[in-house]
Amino acid sequence: MFIRVKATFALLSLLSSATLIAATTCNITNPCPSSAPCCSEFGFCGTGNFCLGGCNPFASRALDSCMPEPVCQNAEHTFPDLSRIHSNATYFGGNATAWDWVVDKGNIINTNSSGGELALLLTETNGGTRISSTRYVHYAKITAKLKTGRWGGVVTAFITMSDIKDEIDWEFPGTATTEAQTNFFWQGVIPEKTDGTTEKGLTDTFENYHDYTIDWKPDSLTFLIDDKAVRTVQRSDTIGSDGVSRFPSTPSRIQLSIWPAGISSSPPGTIEWSGGMINWNDPDYTAAGHFQTLVKSVAVVCQDPSPPAANVTSYVYGINSSSLTPGISFSDLTTINGALGGKGLNSAWMTFTVAAVAVSLGSILSY
Ligand SMILES: *[C@@H]1O[C@H](CO)[C@@H](O)[C@H](O)[C@H]1NC(C)=O
Ligand SMILES: *[C@@H]1O[C@H](CO)[C@@H](O)[C@H](O)[C@H]1NC(C)=O
Ligand SMILES: *[C@@H]1O[C@H](CO)[C@@H](O)[C@H](O)[C@H]1NC(C)=O
Ligand SMILES: *[C@@H]1O[C@H](CO)[C@@H](O)[C@H](O)[C@H]1NC(C)=O
Ligand SMILES: *[C@@H]1O[C@H](CO)[C@@H](O)[C@H](O)[C@H]1NC(C)=O
Ligand SMILES: CC(=O)N[C@H]1CO[C@H](CO)[C@@H](O)[C@@H]1O
């Protein structure tokens, strides 16, 4: 269910705003041609922005077709204003020094109470909001201080997501404002021995800020609430019956979102999980004109397996013939599209056909 839930937001709703013209779809068995070498998060081949955040090395022309991924930096992100957030990922270009976050979809505002809070908005027409960090983390301790939604059908999420779909989640569905759910994925699948968990007994997550932490190390993953560990998974816990360890292992972006799960286009299981259909006549909604989730801060402490030298700017994928998990290396290659030594061409990215989107939606819905 969780895979379907995630794919539904990431793909269906982000695609629904796309401009539609030409398309080659891509996946791991059907990688991109050299004329359009980068396979975007959404499964379409292209250049320019297609080669940035979310570009899937396994489904692109070659492992090095995607742009190198901006390397982790320790940070305490706060939101006194929106100056560090690029308002549209399409036009970001890859300069992680200029921007800490990009808006992938939707709308944000700065509420500016008590020094500034970032509000991610959900409206009946915007399909939800997602922001992504411009930098990747390859193991890190990440703490988000946030207030969730409290409405049936509305989901708040704080996750890490790699370009080959290693994923670690905190999720807050619907009206369950004393609970928080954890989950993780290895290359898009939940490891066979490790189901998600629901942590209970929190003070109201809509009314109160809590610190939700993902402490991701090379050999363990710990989820914490207000500095108290509530779940720990060892890498060794994820070894399946085939002897392969399925533990998130690839550089990941931090993503924060609010999204509509309780809408008629969602699968029944997703609607049920999220607390039913959204009531767009909810008094909170009619008063504010939107639903929102509030983010006060995001702290990042990098935990790379070995610390980067001063000349390191990025992570790159490499072959690791001894395992199903690719080798990840530091590099000094630029992450900026069109910069000297960069590979991208900075062309517009949303060039899909209606037919291709329809095909893609069909396959997602039957996932
Ligand atoms: C990959 O794409 C091809 C061509 O669109 C399609 O036939 C195939 O089913 C896809 N494979 C997966 C695993 O989605
Ligand atoms: C990236 O952004 C920084 C900060 O705005 C700026 O100083 C630098 O020139 C930019 N790099 C490129 C290649 O545009
Ligand atoms: C970014 O720009 C594209 C193309 O103009 C537009 O379709 C998309 O909705 C914009 N995204 C956001 C988050 O505003
Ligand atoms: C390749 O994978 C093996 C097994 O997971 C690991 O021990 C090794 O460090 C990896 N090598 C590289 C270069 O990443
Ligand atoms: C970075 O500098 C070190 C020396 O400090 C050098 O050995 C290494 O090759 C450089 N790395 C890259 C990616 O250029
Ligand atoms: C966007 C905005 O108005 N930001 C202001 C929020 O409040 C702080 C001080 O409390 C100002 O410094 C910001 O400019």
Side-chain angles (χ1 to χ4, degrees), residues 3-4 7 9-21 23-33 36 39-46 48-50 52-54 56 58-60 67-68 70-71 73 82-109 118 120-123 125-132 134-135 164-165 187-189 255-259 313-314 332-344 346-353 355-367:
I3 293 174
R4 195 190 309 122
F9 182 55
L11 298 172
L12 291 187
S13 64
L14 290 179
L15 271 180
S16 63
S17 61
T19 318
L20 311 169
I21 299 176
T24 310
T25 59
C26 41
N27 59 38
I28 197 165
T29 53
N30 184 36
C32 291
C39 185
S40 75
E41 171 185 3
F42 314 110
F44 294 93
C45 300
N49 262 56
F50 283 71
L52 295 176
N56 184 336
F58 283 0
S60 294
M67 288 296 288
V71 73
Q73 271 183 5
L82 303 180
S83 62
R84 298 294 304 169
I85 306 178
H86 194 298
S87 62
N88 191 324
T90 307
Y91 304 110
F92 160 51
N95 189 340
T97 306
W99 307 98
D100 294 327
W101 304 92
V102 295
V103 180
D104 298 307
K105 170 180 178 57
N107 307 94
I108 57 173
I109 53 174
L118 173 66
L120 311 182
L121 308 187
L122 166 64
T123 69
T125 52
N126 83 350
T129 293
R130 191 186 83 186
I131 66 168
S132 297
T134 57
R135 291 189 177 277
I164 60 168
K165 315 281 189 244
Q187 297 183 18
V189 299
Q255 298 183 328
L256 294 151
S257 62
I258 183 170
W259 60 280
T313 54
S314 50
D332 61 356
L333 296 170
T334 183
T335 65
I336 301 173
N337 257 341
L340 190 64
K343 290 193 264 282
N346 240 344
S347 60
W349 70 318
M350 290 286 192
T351 49
F352 309 145
T353 60
V357 171
V359 167
S360 153
L361 298 191
S363 64
I364 293 159
L365 291 172
S366 61
Y367 201 9

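Residue numbers run from 1 in the order of the sequence given. We count ligands from 1, going down the list as the structure has it; atoms in each ligand are counted the same way.
- Of the possible polar contacts, one joining the Asn49 side chain to the Thr90 backbone as a donor-acceptor pair under 3.5 Å is found.
- For atom 8 (C) of ligand 1, the choice among Thr24, Asn27, Asn30 with the nearest heavy atom turns out to be Asn27.
- Residue contact check: Thr25 has heavy atoms under 4.0 Å from atoms 5 (O) of ligand 1.
- In summary, the atoms of ligand 3 found under 4.0 Å from a heavy atom of Asn88, numbered by their order in the structure, are 1 (C), 2 (O), 3 (C), 8 (C), 10 (C), 11 (N), 12 (C), 14 (O).
- Each of the following atoms of ligand 2 lies closer than 4.0 Å to a heavy atom of Ile336: 11 (N), 12 (C), 13 (C).
- Of all heavy-atom pairs between Asp104 and Gln255, the closest is OD2-NE2, 4.5 Å.
- A search for side chain to side chain donor-acceptor pair (under 3.5 Å) contacts involving Ser314 returns Ser331, not counting sequence neighbours.
- For the pair Thr335 (side chain) and Pro68 (backbone), a donor-acceptor distance under 3.5 Å is absent.
- For ligand 3, the polar-atom distance check finds no N/O of Lys105 at less than 3.5 Å from any of the ligand's N/O atoms.
- Contact atoms of ligand 1 toward Thr29: 1 (C), 11 (N) (distance under 4.0 Å to a heavy atom of the residue).
- Any N or O atom pair closer than 3.5 Å counts here, and Asp104 shares no such pair with ligand 3.
- Close N/O approach between Asn95 and ligand 2 is found [any backbone or side-chain N/O within under 3.5 Å].
- Among the candidates Val103, Leu256, Val102, the single residue satisfying the side chain to side chain contact (heavy atoms under 4.5 Å, CB included) test with Ser132 is Val102.
- Counting heavy atoms from C-beta outward, Asn56 and Ile164 have side chains that approach closer than 4.5 Å.
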